[in-house]
Protein chains: 2
Amino acid sequence: MNKIDIIIVDDHLLFSEALNGLISELEQFNVLAVLANGNELVNYFSNENRQPDIVLMDIQMPIMNGVEATNWLKNNRPEIKVLALSMECEEDTILKMLRAGARGYLLKDIHPSMLEHALKEVHKTGYFYTENVANTLLNSVNKKEKPREIFLKERELEFLKLACTEMPYRQIADTMFLSPKTVDNYRESLFEKLNVKSRIGLVLYAIKEKIVIL
Amino acid sequence: MNKIDIIIVDDHLLFSEALNGLISELEQFNVLAVLANGNELVNYFSNENRQPDIVLMDIQMPIMNGVEATNWLKNNRPEIKVLALSMECEEDTILKMLRAGARGYLLKDIHPSMLEHALKEVHKTGYFYTENVANTLLNSVNKKEKPREIFLKERELEFLKLACTEMPYRQIADTMFLSPKTVDNYRESLFEKLNVKSRIGLVLYAIKEKIVIL
DNA sequence: AATTTTTAGGGGGTATTTCCCCTTTTTTAT
DNA sequence: ATAAAAAAGGGGAAATACCCCCTAAAAATT
């Protein structure tokens with residue numbers, strides 16, 4: 001049975017080498033390389049031809065951080081699975097890593113046996129999340145709903161949603177049973193309220209704030 | 001010590017009564033009512049003054065379903081915790097319930113001891129998700145690894161990303177070291193390729209396809 | 001080497017968006 | 001009842017976006 005090849009990317013040498021020793025002791029894993037940042041990872045792929053199955057990726061790193069490196073892998077080596085390894089439990093960071101394509105997220109204070117289990121799971125099923133991380137994240141899903149600082153009136157919301165279509169303002173006016181000039185007022189006042197400089201800005205705001213869902 | 005008061009909302013009478021029996025056997029829980037749909041739940045609150053701590057909520061129900069009922073609770077009785085109970089593991093449904101404010105999501109085939117654990121956790125910490133549900137959901141966050149049908153070249157992607165900012169085309173041209181006329185060509189050819197009629201359309205496409213992340 | 005494709009650039013026009021400043025009508029609050 | 005605020009509408013102009021048709025150089029194909 002072939003061993004599962006792993007690359008460790010972490011700038012804390014003390015930690016990454018300890019990890020190296022830990023994993024190398026396990027029968028079914030093989031550490032291909034220990035690298036200090038995303039840049040070294042990119043270089044690795046242009047110099048070496050031995051590909052890892054899994055990359056254990058730190059997030060905070062100098063030069064090219066974990067999110068960027070994971071994105072690079074998604075675009076250039078999509079078959080390689082990334083398991084994020086971080087000290088922080090910040091939900092925003094976790095989300096960024098997941099969106100970049102990470103298959104799992106581990107905190108650095110876990111027990112070694114958990115790491116082994118996580119590596120096996122990622123290799124077998126393609127993903128792994130600890131219940132801890134999962135709960136943090138899931139709970140944020142419905143928390144994000146309410147707190148929109150800027151309160152928009154019904155009619156403004158209506159306009160904003162229509163501004164997120166390809167309709168020209170003239171047609172938006174027809175749809176809202178308003179004169180084009182009134183629509184122009186809504187546009188201008190929203191530009192100020194939302195601090196944007198163009199209709200594109202309105203669209204970006206509306207999507208960020210989940211006023212329109214794609 | 002006070003018992004934790006529970007209301008069961010489920011239209012499958014056989015199931016809900018079985019559940020009732022199961023929970024009533026547990027020392028620390030007390031079933032206040034067994035209701036058949038969301039409507040009955042709303043009526044309950046206008047007729048009875050004994051409030052539950054937790055509502056065990058089915059999702060597929062006639063008249064007023066679980067998502068609607070949970071939304072009603074969020075708006076009218078936000079202090080009551082909703083634990084969703086469903087047969088389906090459809091990620092879309094789960095998300096809808098979470099957004100409506102559910103504190104957890106259980107599949108109906110779980111072991112009774114798990115139900116007890118979940119109820120305790122929801123009451124104590126405010127939420128509970130099984131690893132199963134959590135994984136399903138989290139994995140959907142980055143599931144977008146589908147190949148894009150329309151292949152865009154590097155330079156086109158670059159333009160598209162810049163088109164998703166508030167920059168005017170003139171400035172995009174500067175950024176890309178191109179003449180405004182060339183940028184205009186990129187615009188026009190992308191309009192055709194992506195079948196859109198305005199820059200807004202480009203933005204919507206880019207966000208849908210996760211070419212730009214907000 | 002010749003041909004096609006891609007990339008970069010242009011002319012000249014119409015339509016839409018953006019901006020600033022102003023009036024009337026309707027609602028809301030005191 | 002009356003002042004204040006919000007909603008609806010407008011004039012006019014400059015900037016930007018959109019459109020169609022066309023050329024030259026570089027790159028890829030053959």
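Each chain gets a letter, A, B and so on, in the order the sequences are listed, and its residues count up from 1.
For the pair B/R199 CZ and C/dT16 C1', the interatomic distance rounds to 14 Å; values are reported in whole Å. The separation between B/I200 atom CD1 and C/dT16 atom P is 14 Å, rounded to whole Å. Rounded to whole angstrom, the span from the CZ atom of B/R155 across to the P atom of D/dA26 amounts to 16 Å. Regarding A/E154, its CD atom lies at a distance of 15 Å from the C1' atom of D/dA7, rounded to whole Å. In this structure, the CG atom of A/L202 is 12 Å from the C1' atom of C/dT17, given to the nearest Å.
Residues B/V55 and B/Y44 fail the side-chain proximity criterion, which asks for heavy atoms closer than 4.5 Å. Within the 4.5 Å cutoff, no side-chain heavy atoms of B/C164 are placed close to those of B/Y205. At a threshold of 4.5 Å between non-hydrogen side-chain atoms, the residues B/V212 and A/L204 do not count as touching. The shortest side-chain heavy-atom distance between A/L152 and A/E209 does not fall under the 4.5 Å cut-off.
Comparing the end axes of the helix from C/dT3-D/dA28 to C/dA29-D/dT2, each fitted to five base pairs by superposing C1' atoms of four pairs onto the next four, gives an inter-axis angle of 50° (nearest 10 degrees).
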For a quick test of your reading: what N or O donor-acceptor pairs under 3.5 Å do the side chains of residues 56-65 of chain B make, sequence neighbours left out?
{"residue": "B/D58", "atom": "OD1", "partner": "B/K108", "partner atom": "NZ", "Å": "3.4"}
{"residue": "B/N65", "atom": "OD1", "partner": "B/V67", "partner atom": "N", "Å": "3.0"}
{"residue": "B/N65", "atom": "OD1", "partner": "B/E68", "partner atom": "N", "Å": "2.9"}

Run the side-chain donor-acceptor check on residues 176-187 of chain B: report pairs under 3.5 Å with partners two or more places apart or on a different chain.
{"residue": "B/S179", "atom": "OG", "partner": "B/K181", "partner atom": "N", "Å": "3.0"}
{"residue": "B/S179", "atom": "OG", "partner": "B/T182", "partner atom": "N", "Å": "3.3"}
{"residue": "B/D184", "atom": "OD1", "partner": "B/R187", "partner atom": "NE", "Å": "2.9"}
{"residue": "B/D184", "atom": "OD1", "partner": "B/R187", "partner atom": "NH2", "Å": "3.0"}

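The backbone N or O of A/L119 sits nowhere less than 3.5 Å from a side-chain atom of A/K81 that would complete a donor-acceptor pair. Distance alone, capped at 3.5 Å, places no donor-acceptor pair between the A/R199 side chain and the B/I200 backbone. Side chain of A/E40 to backbone of A/L35: no donor-acceptor contact under 3.5 angstrom is found.
Looking at residues 181-192 of chain B, you'll see B/K181, B/T182, B/N185, B/Y186 sit with a heavy atom under 4.0 Å from some atom of DNA chain C. For DNA chain C, the residues of residues 158-172 of chain A within the heavy-atom distance limit of 4.0 Å (strictly under) are A/P168, A/Y169, A/R170, sorted by number.
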Distances under 3.5 Å only, N/O to N/O: pair up the protein atoms with those of nucleotides 24-26 of chain C.
none

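Taking only side-chain nitrogens and oxygens, B/K197 never comes nearer than 4.0 Å to OP1 or OP2 of D/dC19. Residue A/S179 places at least one side-chain N or O closer than 4.0 Å to OP1 or OP2 of D/dG10.
Atom CG of B/N2 has 12 or fewer neighbouring heavy atoms from other residues, nucleotides or ligands inside a 6.0 Å radius.
Note on ring orientation: taking the six-membered ring where Trp is involved, the planes of A/H117 and A/F128 are perpendicular (angle over 60°, cut-offs 30° and 60°).
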task = Run the numbers on A/L83 and A/L85 for side chain to side chain contact (heavy atoms under 4.5 Å, CB included), then give the verdict.
result = CA-CA 6 Å; A/L83 186 53; A/L85 199 54; over 6 Å; no
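A side chain to side chain contact (heavy atoms under 4.5 Å, CB included) with A/F29 is found for exactly one of A/L22, A/D5, A/I6, namely A/I6.
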